[in-house]
Amino acid sequence: MSPSNAPAPPGTPQPPRRPTEETDPAPTVAQLRDRLVEFARVRDWGRYHNPKNLAMALSVEASELVEIFQWLTPEESARITADPERAQHVREEVADVLAYLLQFCATLDIDPLTALADKIDRNEKRFPPPDTPATAGR
């Protein structure tokens, strides 16, 4: 074992380990929601985390995501993650949008995955594929 990859002596601070797909399962939506709720609770942000404020914050964060793509062509937007700095910016804005959405759902006791599944069910009925009998003869 070379000195560069020898284990550090006991008690030596270690750099934070970054989770990987191979070693750590992705957190669940419920786990992330609970972390966000606890994060806000210990900072006494509950008075600010009402449905109105969270919906407004969600809209602002979604607009920040839109702003990244505002003047790009469709082709440029499809290649945005080729630039690591821009890709990181997109990931951060996606995280902000999701964080506010999960906090909003927690405040109103909405399960976002159930809400999404229900919406997909409704849309499948409203918008059947063009080659199904439901649309034949129209």
Side-chain angles (χ1 to χ4, degrees):
M1 191 178 284
S2 71
S4 63
N5 62 6
T12 303
Q14 298 293 311
R17 187 175 62 82
R18 200 165 174 184
T20 65
E21 285 185 24
E22 298 83 36
T23 60
D24 297 312
T28 67
V29 171
Q31 289 168 329
L32 293 171
R33 180 203 56 224
D34 293 348
R35 281 184 67 192
L36 288 165
V37 167
E38 180 63 9
F39 181 88
R41 186 192 67 74
V42 300
R43 288 159 179 81
D44 196 27
W45 290 354
R47 62 182 171 245
Y48 309 113
H49 286 197
N50 59 68
K52 178 193 77 72
N53 287 353
L54 290 169
M56 290 171 46
L58 175 59
S59 176
V60 169
E61 294 301 337
S63 294
E64 290 179 8
L65 180 60
V66 168
E67 184 178 32
I68 296 169
F69 295 91
Q70 184 174 10
W71 302 114
L72 301 181
T73 66
E75 297 77 19
E76 289 169 332
S77 70
R79 294 188 309 266
I80 197 158
T81 56
D83 175 348
E85 188 175 310
R86 293 174 88 191
Q88 180 61 29
H89 190 191
V90 170
R91 283 191 297 274
E92 289 173 3
E93 295 306 333
V94 166
D96 288 343
V97 168
L98 184 56
Y100 279 115
L101 179 60
L102 292 177
Q103 291 173 89
F104 178 84
C105 288
T107 300
L108 293 177
D109 197 25
I110 294 170
D111 178 339
L113 296 183
T114 300
L116 178 57
D118 292 346
K119 184 66 173 191
I120 293 170
D121 289 344
R122 283 190 304 280
N123 283 343
E124 286 174 338
K125 290 176 183 135
R126 288 179 61 204
F127 307 105
D131 59 346
T132 62
T135 59
R138 285 191 183 175

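Between the OH atom in Y100 and the NE2 atom in H49 there is a gap of 6.0 Å [rounded to 0.5 Å]. Between the NE2 atom of H89 and the CD atom of E92 there is a distance of 7.0 Å, given to the nearest 0.5 Å. Atom CG in D96 sits 12.5 Å away from atom CG in L101 (nearest 0.5 Å). Rounding to the nearest 0.5 Å gives a distance of 6.0 Å between OG1 of T73 and CZ of R79. Atoms CG and CZ, from D111 and R33 in turn, are 7.0 Å apart once rounded to the nearest 0.5 Å. Between the CG atom of L58 and the CG atom of L98 there is a distance of 9.5 Å, given to the nearest 0.5 Å.
Atom CD of E64 is surrounded by more than 12 heavy atoms from other residues, nucleotides or ligands within 6.0 Å.
By the criterion of side-chain heavy atoms lying less than 4.5 angstrom apart, applied directly or through intervening Ile, Leu, Val, Met, Phe, Trp or Tyr residues, M56 is not grouped with F104; the two fall into different hydrophobic clusters. Put simply, V29 and I120 are part of two different groups of oily side chains (I, L, V, M, F, W, Y) that touch within less than 4.5 Å, one to the next. A chain of hydrophobic side-chain contacts below 4.5 Å, direct or via other Ile, Leu, Val, Met, Phe, Trp or Tyr residues, connects L102 to L113.
For the pair R35 and E38, the salt-bridge criterion is not met [side-chain N within less than 4.0 Å of a carboxylate O].
One N or O on the side chain of Q103 and one on the backbone of A99 form a donor-acceptor pair closer than 3.5 Å.
Considering all non-hydrogen atoms of both residues, A106 and V37 come closest at CB-CG2, 3.6 Å.
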(message) Would E85 and Q88 count as a side chain to side chain contact (heavy atoms under 4.5 Å, CB included) here? Give the steps.
(response) CA-CA 5 Å; E85 188 175 310; Q88 180 61 29; 5.9 Å; no

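Using a 4.5 Å heavy-atom threshold, the side chains of K119 and R122 count as touching. V90 is listed as a side-chain neighbour of F69, based on a closest heavy-atom distance under 4.5 Å. Considering only heavy atoms from C-beta on, R126 comes within 4.5 Å of N123 through its side chain. Between R86 and L72, some side-chain heavy-atom pair lies under the 4.5 Å cut-off.
Judged by the 6.0 Å distance and 45° axis criteria, R43 is positioned over the aromatic ring of F39.
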